[in-house]
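Encoded as structure tokens, the structure appears first; notes follow it.
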Amino acid sequence: MSDPKILLLDEPSLGLAPIVVDAVFDVIVQLNRQGHTLLLVEQNAYRSLEVAHYAYVLETGKVTLEGDASTLIDHPHVKKAYLGR
């Protein structure tokens with residue numbers, strides 16, 4: 001498809017070696033910088049929040065938090081539940 005309006009990515013880093021995960025996230029950032037809109041569903045919360053502008057946190061299928069990714073990455077609940085901090 002040429003010039004899509006949105007790119008949906010479902011667990012693009014699942015099962016990949018760490019060096020490949022880095023490459024995948026580099027491409028995600030590059031695509032966004034080129035003006036593409038991306039919807040990323042990813043269990044790697046820290047990496048996702050590093051590259052996202054806005055995020056939704058889902059727990060058992062329900063949105064429990066949402067907001068700017070830069071704010072959520074420092075949220076105590078997100079740190080404890082998803083970032084191991």
Side-chain angles (χ1 to χ4, degrees):
M1 174 186 264
S2 63
D3 197 28
K5 297 204 184 308
I6 187 167
L7 179 61
L8 306 173
L9 302 171
D10 185 14
E11 299 287 351
S13 73
L14 185 65
L16 301 178
I19 194 164
V20 180
V21 171
D22 290 341
V24 167
F25 276 92
D26 287 345
V27 170
I28 289 169
V29 169
Q30 183 180 19
L31 286 168
N32 185 250
R33 286 184 181 155
Q34 292 172 357
H36 297 282
T37 300
L38 296 98
L39 175 61
L40 175 63
V41 177
E42 178 64 63
Q43 288 189 26
N44 189 336
Y46 186 72
R47 292 300 300 270
S48 299
L49 291 171
E50 279 185 319
V51 302
H53 298 277
Y54 199 86
Y56 295 88
V57 176
L58 299 174
E59 293 183 43
T60 60
K62 296 184 182 186
V63 176
T64 57
L65 290 169
E66 69 175 280
D68 290 332
S70 59
T71 302
L72 289 179
I73 204 167
D74 291 323
H75 191 283
H77 176 71
V78 174
K79 281 184 173 183
K80 183 178 179 185
Y82 299 98
L83 306 179
R85 298 178 182 175

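Count residues from 1 along the sequence. This is a predicted model, so every value here is computed, not measured.
To the nearest 0.5 Å, atoms OG (Ser13) and CD1 (Ile28) are separated by 7.5 Å. Note that OH of Tyr82 is 5.0 Å distant from NE2 of His77, once rounded to the nearest 0.5 Å. Asp68 CG to His53 NE2: the interatomic distance, rounded to the nearest 0.5 Å, is 10.5 Å. Note that the CG atom of Leu40 and the CD atom of Glu11 stand 8.0 Å from one another [nearest 0.5 Å]. For the atom pair OH of Tyr54 and CG of Leu39, the computed distance is 13.5 Å after rounding to the nearest 0.5 Å. Interatomic distance, Glu42 CD to Leu9 CG, rounded to the nearest 0.5 Å: 9.0 Å.
The shortest distance between side-chain heavy atoms of Leu14 and Gln43 does not fall below 4.5 Å. Looking only at side-chain heavy atoms (C-beta outward), Ser48 and Phe25 come within less than 4.5 Å of each other. Proximity of Arg47 to Val21: side-chain heavy atoms (C-beta onward) are separated by under 4.5 Å at one or more points. With a 4.5 Å cut-off on side-chain heavy atoms, Leu31 and Leu7 count as touching.
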Let me see the working for His36 and Gln30 under side-chain hydrogen bond (donor to acceptor under 3.5 Å, both in side chains), right down to the final yes or no. CA-CA 9 Å; His36 297 282; Gln30 183 180 19; over 6 Å; no
Using the rule given for side chain to side chain contact (heavy atoms under 4.5 Å, CB included), can you reason through His75 versus Leu65, listing the C-alpha separation, both sets of side-chain angles and the distance that settles it, and then say yes or no? CA-CA 10 Å; His75 191 283; Leu65 290 169; 3.8 Å; yes
Please report the C-alpha distance between Thr64 and Leu58 in whole Å, then the side-chain angles of each, then the deciding distance to 0.1 Å, and finally whether the side chain to side chain contact (heavy atoms under 4.5 Å, CB included) criterion is met. CA-CA 6 Å; Thr64 57; Leu58 299 174; over 6 Å; no
What verdict does the side chain to side chain contact (heavy atoms under 4.5 Å, CB included) test give for Ile6 and Leu38, after you've listed the backbone C-alpha separation in whole Å, the side-chain angles of each residue and the deciding distance to 0.1 Å? CA-CA 6 Å; Ile6 187 167; Leu38 296 98; over 6 Å; no
Stepwise, does the side chain to side chain contact (heavy atoms under 4.5 Å, CB included) test hold for Leu49 with Val78? CA-CA 10 Å; Leu49 291 171; Val78 174; 3.9 Å; yes
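In terms of hydrophobic clustering, with Ile, Leu, Val, Met, Phe, Trp and Tyr side chains grouped at heavy-atom distances under 4.5 Å, Val51 and Val27 are assigned to a common cluster. Cluster annotation: Val41 and Val29 are assigned to distinct hydrophobic clusters (Ile/Leu/Val/Met/Phe/Trp/Tyr, side-chain heavy-atom contacts under 4.5 Å, transitive).
Closest approach of Ala69 and Ala52 over heavy atoms only: CB-O, 3.3 Å.
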